[in-house]
Amino acid sequence: NAGVTQTPKFRVLKTGQSMTLLCAQDMNHEYMYWYRQDPGMGLRLIHYSVGEGTTAKGEVPDGYNVSRLKKQNFLLGLESAAPSQTSVYFCASSSMTRNQPQHFGDGTRLSIL
Amino acid sequence: AQSVTQLDSHVSVSEGTPVLLRCNYSSSYSPSLFWYVQHPNKGLQLLLKYTSAATLVKGINGFEAEFKKSETSFHLTKPSAHMSDAAEYFCVVSTGGSYIPTFGRGTSLIVHP
């Protein structure tokens with residue numbers, strides 16, 4: 001059971017470039033989330049999804065887009081990368097049963113030069 | 001509305017001594033509370049959760065936490081620290097039907113030999 005898998009694990013981009021981060025879960029979870037983690041800031045929610053075909057904004061959505069075309073996948077896109085988006089990105093998923101814990105991937109380290 | 005405050009950004013202990021990581025929460029409804037651990041370059045792993053059953057919750061690796069409604073606290077403890085406990089710890093609150101858990105900013109546990 002792989003759980004939550006994030007690809008890629010590392011990436012370096014130049015300012016203005018675009019890229020997509022992929023999150024895949026094999027637990028049949030309804031809810032999926034994208035967070036960014038920066039020193040001293042904890043985890044901040046970028047976007048989330050409560051089911052296939054749905055997405056919603058989190059705390060820090062600007063500069064990011066997401067899609068949930070399949071239940072098991074949640075994609076995070078950066079259309080025009082900026083140095084301020086240098087961060088570690090985590091994907092998580094959880095079931096829709098009330099108050100269940102989240103399951104996290106190992107993260108994607110993204111540097112924007 | 002819900003919020004969580006981790007009272008210490010860093011906690012330093014010697015190996016073999018007790019660990020106390022403090023967490024206070026605010027919630028309009030009966031909360032679910034979680035502690036996660038994050039080791040370097042890894043994702044978050046669930047340590048334990050409280051969901052309105054026993055107020056003293058036992059987790060993995062010898063950790064436990066006590067839910068105190070009167071004090072709105074959910075402090076994490078361990079009788080004897082091990083070097084492998086050195087990590088970042090996050091307290092998380094989730095309320096009612098909310099899809100969005102709220103994270104504390106994290107406490108870095110440093111364990112000295």
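Throughout, a chain's letter reflects where its sequence line sits, starting with A, and its residues are numbered from 1. Reckoned from all heavy atoms, side chains included, excluding hydrogens, waters and symmetry mates. These figures come from a predicted structure and were not determined experimentally.
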Against chain A, label B:Gln45 side chain, backbone, both or neither, depending on which of its atoms sit under 4.5 Å from a heavy atom there. neither
Among residues 102-113 of chain A, which residues come closer than 4.5 Å to chain B, judged by heavy atom distances? A:Gln102, A:Phe104, A:Gly105, A:Asp106, A:Arg109
Pairs of donor and acceptor atoms involving the side chains of residues 105-113 of chain B, under 3.5 Å and at least two apart or interchain, shall be tabulated with distances.
unit_1	atom_1	unit_2	atom_2	d
B:Thr107	OG1	B:Gln6	NE2	3.2
B:Thr107	OG1	B:Asp8	O	2.6
B:His112	NE2	B:Ser12	OG	2.6

Disulfide (SG to SG under 2.5 Å) contacts touching residues 3-39 of chain B (sequence neighbours left out): B:Cys23-B:Cys91
Are side-chain heavy atoms of A:Met41 and B:Phe103 found at a separation under 4.5 Å? no
Are B:Tyr36 and A:Leu45 in one and the same hydrophobic cluster, where Ile, Leu, Val, Met, Phe, Trp and Tyr link if side-chain heavy atoms are under 4.5 Å apart? yes
If every non-hydrogen atom of B:Pro101 is compared with every non-hydrogen atom of A:Tyr35, which pair is closest and at what distance? CD-OH, 4.3 Å
Which one wins on heavy-atom pair count under 4.5 Å against chain A: B:Glu88, B:Lys49, B:Gln38? B:Gln38
Are B:Val93 and B:Phe67 linked, directly or through other ILVMFWY residues, by side chains that come within less than 4.5 angstrom of each other? yes
Can you get from B:Phe63 to B:Val13 by hopping between Ile, Leu, Val, Met, Phe, Trp and Tyr side chains that sit under 4.5 Å apart? yes
Between A:Val88 and B:Asn41, is there a side-chain heavy-atom distance shorter than 4.5 Å? no
For the hydrophobic clusters of this structure (ILVMFWY residues joined by side-chain heavy atoms under 4.5 Å, transitively), does one cluster hold both A:Tyr31 and A:Leu43? yes
Please classify the contact of B:Leu46 with chain A as side chain, backbone, both or neither, using a heavy-atom distance under 4.5 Å. side chain
Do the side chains of B:Leu20 and B:Met83 join up, straight or via other hydrophobic residues, at under 4.5 Å, putting them in one cluster? no
Which bit of B:Lys42 comes within less than 4.5 Å of chain A, counting heavy atoms only: side chain, backbone, both or neither? both
If the contact rule is any heavy atom under 4.5 Å from chain B, which residues of residues 46-77 of chain A qualify, in numerical order? A:Tyr48, A:Val50
A quick test of your reading: do over 12 heavy atoms of other residues, nucleotides or ligands sit less than 6.0 Å from CD of B:Glu15? yes
